[in-house]
Structure formats: structure tokens, C-alpha cells
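Worksheet for the structure shown next.
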There are 2 protein chains.
Amino acid sequence: MWSMTAPMKAAAREERSSDTSGKTEPEKRGRKASKEVRQQQLIEATIDSLAKRGYAETTMADVADGAGLSRGIVNFHFESKEKLLIATLQYMYDEYSAHWRAALQKAGDDPARQLQVLVWADFDRSICNKRKLAAWLAFWGEAKSRPVYQALSSSRDAYYQQVFIDLCATLKESGGYAYEPQVMALALSAMLEGLWLRLMMGTEDTTRETALQAANAFLAAAFPKHYG
Amino acid sequence: MWSMTAPMKAAAREERSSDTSGKTEPEKRGRKASKEVRQQQLIEATIDSLAKRGYAETTMADVADGAGLSRGIVNFHFESKEKLLIATLQYMYDEYSAHWRAALQKAGDDPARQLQVLVWADFDRSICNKRKLAAWLAFWGEAKSRPVYQALSSSRDAYYQQVFIDLCATLKESGGYAYEPQVMALALSAMLEGLWLRLMMGTEDTTRETALQAANAFLAAAFPKHYG
DNA sequence: CCATATTGAATGAATGTTCAACAAATGGTC
DNA sequence: GACCATTTGTTGAACATTCATTCAATATGG
């Protein structure tokens, strides 16, 4: 439903876990905002709640409170709690998707640079912040037992993976490497997800900077001719 | 509480998601089993439920049913639902911990072989199966919002990470590599967790075999003198 | 004034916890 | 070994709470 509808506007907002709700926004807030504005507001409040309380403890009341609205409002805009959560997941999926596609677009034609840019995109502040990562992880935890989530829950989808494979294949040819592109692409994308996981868990020893360092070390090791 | 108490017995059982409960076990089952047996039985039923229904939908009734016992029994052996879940997480943590330590013990003195063995241990059937992985992910999804889980939820703890760093440092010296041991250790362990994640999600393109292939490709790229 | 949005109390279902009754094991005594 | 008392384990119904959902009343904007 909300596929690709202005996801970057929200992305540019970065972390907003400190300000408790959308109240401070310049949008008309008190009552009678447009449908789209209210829905996005509620989705953002849902992400807040997922990040703060986890999936299991996220309640409709908490979402409504977080948005500064009344209890029944969520069932009006979204039919049920389940649909709200699906819409939220779709929203994050679209945002992530649009982000790496835009980055790739601007990267130019050099495949080595394209791969580098994709890695950077993963650790961009607009995507890779505690709030969003926590929300992703909350969904992942429920994905296997909910078929509806499964398709959307891996932010890196089949197409993303294919782009990785193609880039690895191109680099292999131009650099004369020995690996299988498919295998190396899996190793690389798995490492990116693993670094996300570390950041989500919030262990002190992993920051966005050290994660990026690790990713670069991997690139240098796997493609020494290109990133030496 | 259950730290290190015979975790391998359960590990050897492998996947048991098909047989619905512990009923078929030769242990005395009908009534009045020993405290430890009942607790382990309930923990296994909890893992089943987490894997099948996810964290949010796991109920005390489902756990009791899964173990073939009555409703009130869980509150007798564990004081509350929260304590049952913590005990379950502790149980899995201990099992994982004991598994890689035992593998490392048997690996001999060659650091290259030790690292290889640690990677293999991660994809051993007793540890790396759908049931256990799903349960891990269920806990991870709740970890950031629950301080109690945080320490136990990263199966790979600080000590594990230090072992990785030390091995990377040793290999760097003997192979004359350029990377920073700490950074490469992070990249490697992140990739392992990322591969787990892929396996948990159950996407068709990643199996235990392809995951192991990817891990080996990483080792070969990062330590060409040792795994060429 | 009509369509649309919003409120907040009422409702009912789901679920964790408690507990009194009951059953099985244990151990001591004859 | 038989008997009984005590401890320990188990059951299932009752209870209290939390929460998603519904909806009649109300407010808003066009």
C-alpha cells in the first residue's frame, strides 16, 4: 500500500528516539490531519515503540500515546494491529530499498566504486541508527513464524543479492580472483548483516566506525587489486 | 542456575521439532519425575514454542501442552514466565559455549586449524538447526529492550571474541598479513552471525552447506597463506 | 450540512498467576 | 515387608490483568 511513497522524507529525519512524539512537527497536529500524514505519524510511533519496548511489548495504546492521539485511532487508519505492523515493515523495507538504489545510481560506472558505495550506504546514519536497527531486529525475531513478514523482513532482498553477485563476478574477471562470485557475495552480504546485528545488540565494542572498518578490511582482503 | 549442567546431553538430541513432546523419552514421565528432568523438559518445550510461534506468541499454556503437562506446572518449577525464558536463554548459551570450547580443545595446537574448527563448530548440526536458530533469533529480537537478556543473548561473548582476535593476531604474524587483528576478527565473527541469520530466515538460497562454503571463502581470502 | 476524522469508554477474549485439592515418592517405625 | 506421615510434585479451575477491538457520540473542515 505505502510502497515507495515518499520514504526519504522520513529517512532524512534521522534518529528521533529522544523527542517523544510527532507533536513538535510543523504539520497540523491537533486534529484532522490528512490521511497520509496521520498514517506516517502512526508508523513512526510504531517504530519508536518497537525500538523502545520490543515487539512483544508493543501495544496499540503505546503507539497511540507515542503519537499523541487517542486509543481508537489506530484501528481507524489501519484496520488492526497486525496490519499496522505490516505497514510499518513495508515502510522500512521501502525506505531501505530506495536508499541503496539511489546510492548505486549516483556511484557511476566503476564496479569497484559501486560495491564500495553499497557498503557505505548500509552504514549511513539515516538507515543505520539504533532506532531503526532495533525495529528491524524486532521484526526479524517474529519473521519465521509469520509468513506475511518473511518476504519483507530481509531488508536485503533477492534483487539486492543479485546486484552483489554481479559486482563480484565483474571484479573477479578484472582482478583475476579465484573465488565463486555467488559464494563471495553471500559472505559479504552476510557480514554486513552480522555487523548490523552487532550494532543492534548495542555491545560497546562495535560502533558505526568500527563496523565500517571491518567491512573495508573484508573488501581489501577479498579484492586486493581493487581496494589495496 | 543451570550453568554448565550437562548441556551436551540435550545437544546430542539434534532437531526434535517433529516429535511433539518429551513423552516418548524413556525417562519416567507420567508424574513425579526429578526436578532437573522436568525443568529440562520444560525448557525444551519452550524452545519448541519459540521456534514454532515466536517470542510474542509463546504462552505458558503452549509450553505446558508441548511438554504434555498441566497448566500450573511451569509456575511451580520456574517462578514466572520471565524466569522460564531467562533459564531457557541461559541453557542455550551454556550449550553453545560448551560446544565451541570442546571443539577448540580437540583442535590441537595449530592456530590455522583452531580457527577452522571454530568455524565448523558454528555450523554443526547440534547447534545450527532450524529449531535452535529460531529460538536464538526470538531472543535477539527482545534483547535490546530487556537488560536481563542482553548479557546472554549474544551467544558469542567477549571471551569468544578475544579468542578470535588472538588467533587472527597469530596468523597475521606467521603469514605476514597487513590487517588489524581486532578488525579482521570482527569481520569474521560478524559474517558467521550473518550466515546464521540467513539460515534462520529460511530463505531457500542459503543452506548449511553454502554457508560453510562462504565462511571458507572468507578464510581463504583473508588468510591465503594458511587456507589457500 | 455532509463527509470525514477523532475520542474514550465499554466489551470480550487471551493469558499469567494463584491455590486448594490430590497423587506419588520418601523415609522412618514397628 | 507393611504402615503411616511428611515431603514433594501435579492438576485444573478460579482470578485478575492486560489489551485489541468496537462503537456511539462529538468535533472538524469543506
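Protein chains get the first letters and strands the later ones, always in sequence-line order, with residue 1 at the start of each. Nothing here was measured: the structure is a model prediction, and the numbers come from that model.
Panel note: side chain Glu193(A), backbone Leu195(B); no donor-acceptor pair is recorded below 3.5 Å.
Rounding to whole angstrom units, CG of residue Leu69(B) and P of dT8(D) are separated by 20 Å. Distance Arg38(A) CZ to dT7(C) C1': 12 Å, rounded to the nearest Å. Rounded to a whole Å, the CD1 atom of Ile73(B) is 5 Å from the P atom of dT11(D). In this structure, Phe76(A) places its CZ atom 15 Å from P of dA24(D), rounding to the nearest Å. Following rounding to the nearest Å, Glu57(B) (CD) and dC19(D) (C1') show an atom-to-atom distance of 13 Å. Note: NZ (Lys35(B)) to C1' (dG9(D)) measures 9 Å, nearest angstrom. Between Asp65(A) atom CG and dT18(D) atom P there is a gap of 15 Å when expressed in whole angstrom units. The separation between Asp62(A) atom CG and dC19(D) atom P is 9 Å, rounded to whole Å.
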Under 3.5 Å between N/O atoms: give me all the protein pairs with nucleotides 17-19 of chain C, atom names plus distance.
| from | atom 1 | to | atom 2 | distance (Å) |
| --- | --- | --- | --- | --- |
| dT17(C) | OP2 | Asn75(B) | ND2 | 3.4 |
| dT17(C) | OP2 | Lys81(B) | N | 2.9 |

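The structure places CG of Leu133(B) at 6.0 Å from CG of Leu199(B), a figure rounded to the nearest 0.5 Å. Rounded to the nearest 0.5 angstrom, Asp94(A) CG and Gln90(A) CD are separated by 4.5 Å. Rounded to the nearest 0.5 Å, atoms CG (Leu212(A)) and CG (Leu192(A)) are 10.0 Å apart.
Side-chain proximity of Ser70(A) to the nucleotides dG8(C), dT15(C), dA20(D) is greatest for dG8(C).
A perpendicular orientation is assigned to the rings of Trp196(A) and Tyr96(A), their planes being inclined by more than 60° (bins at 30° and 60°).
Atom CD of Glu79(B) has 12 or fewer neighbouring heavy atoms from other residues, nucleotides or ligands inside a 6.0 Å radius.
Thr88(B) is listed as a side-chain neighbour of Phe139(B), based on a closest heavy-atom distance under 4.5 Å.
Partner of Arg53(A) under the salt bridge (charged side-chain N to carboxylate O under 4.0 Å, His left out) criterion, chosen from Asp65(A), Asp62(A), Asp48(A): Asp62(A).
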Item to check | Full working for salt bridge (charged side-chain N to carboxylate O under 4.0 Å, His left out) between Arg146(A) and Glu82(A) | outcome: CA-CA 11 Å; Arg146(A) 313 220 184 199; Glu82(A) 191 184 1; 5.5 Å; no
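When the C1' atoms of four end pairs are superposed on the next four at each end of the helix from dC1(C)-dG30(D) to dC30(C)-dG1(D), using five pairs per end, the two resulting axes differ in direction by 10°, to 10°.
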